[in-house]
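Just so we're on the same page: letters track the sequence lines, and every chain starts at 1.
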Amino acid sequence: MTWGHLVHIAYGIPLTLALTGGAFFVGAVLGFPIMLLRESSFMPLKVAMIAIIAFIRALPPILWVFLLYFGIGTGLINLSPFVAAVAAFGIIAAVNMAEIYRGGMVSISAGQWEAAHALNLSRLSIWRDVMAPQMVRVALPPSATYVIGLMKDSAIASTIGVAELAYRGKQVSQMSFEGLLPFTVVGACYIALSLPVAWLSRTAERKLRAKVAR
Amino acid sequence: MAYDLDVARMKALSPSPLGAPSASGSPAPEPSRPVIKLDHLSKSFGTFQALQDINLSVLQGDVLAIIGPSGSGKSTLLRCINWLEPANSGRITVGDLSLDCSKPVGKEQITTLRRQLGMVFQSFNLFPHMTVLRNVSLAQERTLGRSRREADEVSMGLLERVGLADKAHQYPVRCSGGQQQRIAIARALALDPKVMLFDEPTSALDPELGLEVLAVMRELASSGMTMIVVTHEMGFAENVSEHTMIMADGQILEYGPSREVIRNPQTERARRFLRAVNDR
Ligand SMILES: Nc1ncnc2c1ncn2[C@@H]1O[C@H](COP(=O)(O)OP(=O)(O)OP(=O)(O)O)[C@@H](O)[C@H]1O
Ligand SMILES: [Mg+2]
């Protein structure tokens with residue numbers, strides 16, 4: 001393995017980050033309305049959402065990647081491997097984030113809603129001023145754990161040719177006829193990328209906790 | 001304040017419990033009229049009838065204590081009054097607003113209703129992620145359109161009044177239960193309600209902490225605030241509230257001047273309940 005090989009692997013870092021970040025962004029944004037629909041008091045809607053969420057979670061991520069790339073990406077509209085992968089992981093992230101948000105919401109006692117209503121706060125204000133800040137506190141640690149998991153799962157995108165870390169590791173191992181070293185480097189990259197996420201989440205959590213904890 | 005006290009005393013002397021101002025006497029500057037009136041209010045959860053045909057009126061400046069066994073519908077009654085729980089039938093009148101509970105009611109009407117009512121909960125329900133000051137100021141800004149400065153000024157005045165100005169920049173978890181409840185009272189008062197509703201405000205508190213909350217409520221009552229208080233504090237019911245109502249099984253068992261109702265209940269059911277309370 002040469003320096004050139006190392007650099008070749010390192011070029012996968014931005015793509016892995018973009019895949020993870022893109023999918024998480026899609027999931028974090030779509031997760032909220034999905035959670036609201038899932039918590040709808042309109043029973044048919046609620047049941048439908050529960051079924052859809054269970055269905056999306058039941059299939060392995062690689063199947064979603066294939067479905068979007070080979071299914072939709074080649075037939076209906078032309079999706080690049082990268083876009084197909086972000087879309088696939090975005091869908092999965094959305095239902096998982098919806099569950100994380102839901103966990104945040106059910107952790108808020110009914111009394112908070114009642115007090116907010118009794119104070120005549122508008123729907124918008126209840127969400128923005130009362131619910132969201134409390135939900136974020138609860139949802140932050142599981143979200144960080146989820147991002148790290150998502151980053152590892154993003155290696156699956158290598159199967160449809162997205163040149164991220166795992167893909168490049170395989171390329172280098174084929175070029176250099178070495179197995180252990182290239183993949184060790186790839187592994188080290190994943191660890192190095194997940195550490196800051198874990199650290200950031202921990203720090204943010206501690207800061208937020210410090211204010212409200214006894 | 002002294003003037004308000006006089007009004008309260010005059011009312012206490014008035015012979016009729018249900019609202020009609022006494023015929024004689026000098027014209028009071030503020031005629032005693034019901035601020036809250038409930039007519040035939042009923043509420044059921046599925047097939048279970050939680051409130052049955054409740055008729056009630058509370059005069060301006062009056063304090064009404066509601067007592068009764070667990071499950072008798074006391075909380076449900078308060079929650080129906082401010083529409084946290086929509087009643088099924090009957091009429092709720094607060095000030096100039098009169099709502100028919102059997103008909104669909106618009107959002108603006110519920111807003112108008114709640115604007116006149118302050119609510120204090122057994123479990124305080126302060127917002128844990130905001131400072132004490134922010135807790136009291138938030139709704140003023142959002143619902144009354146006060147500026148941050150105006151709101152904070154009002155809030156500081158009220159925190160002063162409940163004896164907690166020094167806690168303004170703390171978070172609620174740093175306050176004792178009694179302090180939290182006093183903050184919750186300040187938060188409700190900040191919206192200038194016509195009537196304050198209290199649902200067992202001291203039940204979650206140690207007796208000593210309960211006392212400081214009761215002191216604030218006493219002061220509030222003597223300042224002329226109209227109050228409906230669900231409570232197990234017989235001392236408060238007897239000494240502070242003009243009228244007491246005993247509820248059982250979703251109905252009004254007894255109603256009248258507090259001393260009469262508590263010292264000399266007419267029904268066997270009420271006697272049994274009061275005995276149980278006194279034996280504790
Ligand atoms: N949301 C609800 N759904 C179904 N039943 C309810 C609901 N809320 C209250 N109830 C029932 O209505 C009855 C009256 O309840 P409520 O909370 O008003 O009693 P309470 O007089 O306040 O009792 P406590 O002294 O224990 O607070 C109870 O039997 C209760 O189980
Ligand atoms: Mg109750």
Using a 3.5 Å cut-off and no angle test, enumerate the donor-acceptor pairs between side-chain atoms of residues 55-64 of chain A and protein atoms at least two apart in sequence or in another chain.
| from | atom 1 | to | atom 2 | distance (Å) |
| --- | --- | --- | --- | --- |
| A:Arg57 | NE | A:Asn96 | OD1 | 3.0 |
| A:Arg57 | NH2 | A:Asn96 | OD1 | 2.9 |
| A:Trp64 | NE1 | A:Ile56 | O | 3.2 |

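- Contact annotation for B:Arg134: neither backbone nor side-chain heavy atoms come within less than 4.5 Å of a heavy atom of chain A.
- Here the CH2-NE2 distance, from B:Trp83 to A:His117, works out to 14.5 Å after rounding to the nearest 0.5 Å.
- Contact of B:Phe121 with chain A is made through the side chain alone, with heavy-atom distances under 4.5 Å.
- Residues of residues 105-115 of chain A lying within less than 4.5 angstrom of chain B, judged on heavy atoms, are A:Gly111, A:Gln112, A:Glu114, A:Ala115 in numerical order.
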Let me have the donor-acceptor pairs involving side chains of residues 189-202 of chain A, under 3.5 Å, with sequence neighbours excluded, atom names and distances please.
| from | atom 1 | to | atom 2 | distance (Å) |
| --- | --- | --- | --- | --- |
| A:Tyr190 | OH | A:Glu164 | OE1 | 3.3 |
| A:Ser194 | OG | A:Tyr190 | O | 3.2 |
| A:Ser194 | OG | A:Ile191 | O | 3.1 |

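- Rounding to the nearest 0.5 angstrom, the gap separating the CG atom in A:Asn120 from the OG1 atom in B:Thr143 is 6.0 Å.
- In this structure, the side chains of A:Ser122 and B:Arg142 stay at 4.5 Å or more apart for every pair of heavy atoms.
- In this structure, the portion of B:Leu126 lying under 4.5 Å from any heavy atom of chain A is its backbone and not its side chain.
- At a heavy-atom separation below 4.5 angstrom, chain B is approached by no residue within residues 31-51 of chain A.
- A pairwise comparison of heavy atoms in B:Met130 and A:Val130 identifies CE-CG2, 4.4 Å as the closest pair.
- With a 4.5 Å cut-off on non-hydrogen atoms, B:Leu117 touches chain A through its backbone but not through its side chain.
- When the shell of 6.0 Å around CZ of A:Phe25 is examined, it contains 12 or fewer heavy atoms from other residues, nucleotides or ligands.
- In this structure, A:Leu119 and B:Leu138 have side chains that are not in contact, with every pair of non-hydrogen atoms separated by 4.5 Å or more.
- Distance NE2/B:His129 to CE/A:Met135: 12.0 Å, rounded to 0.5 Å.
- Enclosure of atom CG in B:Asp96 is not indicated, since only 12 or fewer non-hydrogen atoms of other residues, nucleotides or ligands lie within 6.0 angstrom.
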